[in-house]
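Scroll down for the structure; my scribbles are underneath it.
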Amino acid sequence: MVTKAVHKQIRGFVIIWLAITFIMVMATFLAIYFTSGAERMDAASGNPIPLATAAEQSNAGPDPLPSASPQPSSTPTRSTPDPTMPVYLEEVTLEPTLTPIPTPWPVAVKRYEVGIQVEQSPDFNPENQDNWYRSVTADLGMRWVKQQVRWEQMEAQQGEIDWSVLDFIMPSAQKFDIKMLLSIVTAPAWAREPGASLDRHGPPADPQIFADFVAAILKRYPGQIHAIEVWNEQNLDREWTSIHGLSAEKYVELLRVAYQTIKAIEPGTIVISGALSPTGVDDGRSAVDDFKYMERQIEADMLDWADCVGAHHNGYNVSPDYRYLDIPDDPTAIFQGPFSNRHHSWSFRSTLEGYAQRIRAASRDTQLCVTEFGWPSSEDLGGARQGFEFSLDNTLAEQAEWITKAMTNMETWGFVWLAFFWNFNYGPQAGYAITNDNVPYSLIGPDFTFRPAYDAIRAWQQDYLARASS
């Protein structure tokens, strides 16, 4: 009987201990449940997010690149706040203003992409600017836009920077998730070398002063400047008037200081060397042949200080398919330069291949960023300025055909990273004046009509984006 009593006592003790343990576990679970909430509400939709997904989202890396055809940002709908939700979680549901574009940063994304130069609305009308960017992004399907920044205009007096143009365009660029390339050029008079002629553009006496200006831009628009081109056509005297002449070594020093400054602030920003001008002039004073100048830059270690090598080629009256020695004669052409004086600078293909060959000869694989390319047509303009008669040889149909051929060629060649078409809207901005040599390249013709090249680029982009996503 004693044994049975002891067994009964032990069994009762075990049952009571298990019951107490179960109650404690349930109490702990319920406390956690009602303190943290079994699920959180999505701020935009009001739908529940499982805890696992919410945790994954809070630890997730950068968002993927935006879609090819974005729409203007809409105001998110806020859900009713959860009284148990910590304040920092509630704050992330606030409507964003000028937040940086989601990364990964472009320097890590080596996919071939085509962008375009867009001039800002001269009347600073935000609706007009939105319309330009909406056409580029939602209709043409482009993610990149180029904007030139003239240092001499923005900081005419040292330390007094006029932000009006960038403050105007950047909110619109953010609205349409645009990746922005800034081409930064032309030192102001106060920054120039003592003794340099100020009637032409030129570099600063101290490269660090230029780098400080670039740094001010990056700090004012954090996360919003995705590529910077350091100078423009420095093999021409009108762009690089210096007491040292057309020195590739001095240019590389400017590039080095700018590169180091940019990377210290925004390491993901693409640094592009200044694009050279394809020129048949090689007198060492007004111009240096671009192939020779490229070689001198490479010898001065330019490739150590650039993520991408800048290049320009605005076509003449020649298809982008031809190397310069293979261009067929055209006795009917008004402009005979490419046919009577064979030189690589007439040829889009020969020029870009020549740059790539020189980079490879240095045992490097740095790609090109073609920051300006296009073909002009004056068919609908009623004339052309002196020196631009080649634009009279090109029909609007040829303009459309050659632009898209060039886009295909650059993709096929494999040594081009980014390419920026010149230009989107210079026509209406300049009143379609034939005296303005940028107007024949514009995608927008007289009476605000889209030229055939616009539709051709849109169709090419749609096909390319479909192939790239497959």
Side-chain angles (χ1 to χ4, degrees), residues 116-117 119 200 232-233 235-239 275-283 286-287 289-290 311-352 370-406 409 420-447 449-454 456-457:
I116 194 167
Q117 171 112 7
E119 297 301 301
R200 294 183 299 277
N232 172 75
E233 299 185 346
N235 62 320
L236 300 181
D237 179 65
R238 68 169 183 261
E239 300 286 349
L276 302 180
S277 174
T279 175
V281 178
D282 185 34
D283 58 16
S286 62
D289 177 85
D290 51 319
H312 281 178
H313 201 284
N314 286 317
Y316 293 88
N317 49 353
V318 176
S319 165
D321 287 340
Y322 295 119
R323 296 183 176 93
Y324 75 99
L325 292 175
D326 301 327
I327 297 172
D329 288 332
D330 183 1
T332 67
I334 298 172
F335 183 75
Q336 284 291 314
F339 318 111
S340 61
N341 178 24
R342 303 285 175 168
H343 190 269
H344 78 263
S345 60
W346 301 121
S347 166
F348 177 85
R349 181 169 187 168
S350 290
T351 298
L352 299 189
V370 184
T371 56
E372 193 174 299
F373 80 97
W375 273 260
S377 175
S378 294
E379 183 180 5
D380 55 352
L381 298 176
R385 58 164 283 189
Q386 186 177 3
F388 271 70
E389 292 85 359
F390 51 84
S391 66
L392 295 169
D393 288 325
N394 303 334
T395 66
L396 291 172
E398 285 174 323
Q399 181 190 49
E401 177 188 357
W402 292 348
I403 289 168
T404 50
K405 274 189 175 182
N409 288 346
F420 290 83
F421 172 72
W422 177 264
N423 60 73
F424 181 69
N425 59 338
Y426 229 114
Q429 305 291 62
Y432 310 104
I434 61 174
T435 54
N436 188 308
D437 55 21
N438 298 304
V439 170
Y441 295 91
S442 177
L443 284 186
I444 301 178
D447 300 321
T449 57
F450 286 124
R451 289 169 142 189
Y454 182 92
I457 290 173

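Along the sequence shown, the residues carry numbers beginning at 1.
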| Using the ring of each side chain (for Trp, its six-membered ring), is Phe348 parallel, tilted or perpendicular to Trp375, with breaks at 30° and 60°? | tilted

| message | Classify the ring geometry of Phe388 against Tyr441: parallel below 30°, tilted from 30° to 60°, perpendicular beyond 60°. | response | perpendicular

| request: Ignoring hydrogens and angles, tell me if any N or O in the side chain of Thr404 forms a donor-acceptor pair with the backbone of Ala400 under 3.5 Å. | output: yes

| Pairwise distance CD(Glu233) to CZ(Arg238) - rounded to 0.5 angstrom | 6.0 Å

| What distance separates Leu381 CG from Ile434 CD1, expressed to the nearest 0.5 Å? | 8.0 Å

| task | Assess whether atom CZ of Arg200 is packed by more than 12 heavy atoms of other residues, nucleotides or ligands within 6.0 Å. | result | yes

| message | Tell me if a side-chain donor or acceptor on Asn394 pairs with a main-chain N or O of Tyr316 at a distance below 3.5 Å. | response | yes

| Quick check: does any side chain N or O of Gln117 sit under 3.5 Å from a backbone N or O of Trp422, one acting as donor and the other as acceptor? | no

| field | Atom pair CD1/CG of Ile116 and Asn423 - distance to nearest 0.5 Å | value | 7.5 Å

| query | With distance as the sole test, does Ser442 use its side chain to make a donor-acceptor pair with the main-chain N or O of Val439 at under 3.5 Å? | reply | no

| task | Could you check if a side-chain atom of Asp321 sits within less than 4.5 angstrom of a side-chain atom of Lys405, using non-hydrogen atoms only? | result | yes

| said: Testing the basics here: between Glu119 and Asn425, what is the closest heavy-atom pair and its distance to 0.1 Å? | reply: N-OD1, 2.9 Å

| query | Counting N and O atoms only, with roles assigned by atom type, does the side chain of Glu239 sit under 3.5 Å from a partner on the main chain of Leu236, one being a donor and the other an acceptor? | reply | no

| Main-chain N/O of Ser347 paired with Arg323 side-chain donor or acceptor, under 3.5 Å | no

| note | Nearest heavy-atom contact between Thr279 and Ser345 is N-CB, 3.8 Å

| message | Measuring only between side-chain heavy atoms, which start at C-beta, is Pro338 closer than 4.5 Å to Asn317? | response | yes

| task | Determine the minimum heavy-atom distance between Val370 and Leu352, stating which atoms define it. | result | CG2-CD1, 4.0 Å

| said: Could you check, using the six-membered ring where one of them is a Trp, whether Trp346 and Tyr322 have ring centers closer than 6.0 angstrom? | reply: no

| field | Between CZ on residue Phe390 and CD on residue Gln336, distance to nearest 0.5 Å | value | 14.0 Å

| What heavy-atom pair brings Phe421 and Gly374 nearest, and what distance separates the two atoms? | CE1-CA, 3.8 Å

| request: Determine the minimum heavy-atom distance between Ala275 and Thr371, stating which atoms define it. | output: CB-OG1, 3.6 Å

| request: Kindly compute the distance separating CZ (Arg385) from OG (Ser391), expressed to the nearest 0.5 Å. | output: 10.0 Å

| remark: Heavy atoms of Asn436 and Ala430 approach each other most closely as ND2-CB, 3.6 Å

| said: Between Arg451 (side chain only) and Gln399 (backbone N and O only), is there a donor and an acceptor less than 3.5 Å apart? | reply: no

| query | Donor-acceptor pair, Ser378 side chain versus Leu392 backbone, under 3.5 Å? | reply | no

| query | Is it true that a side-chain atom of Tyr432 and a backbone atom of Gly445 form a donor plus acceptor pair closer than 3.5 Å? | reply | yes

| said: Side chains of Asp290 and His312 only: does a donor on one sit below 3.5 Å from an acceptor on the other? | reply: no

| N/O donor-acceptor pair under 3.5 Å between Asp283 side chain and Ala287 backbone | yes

| field | Distance, nearest 0.5 Å, that separates OG1 of Thr351 from NE2 of His344 | value | 4.5 Å

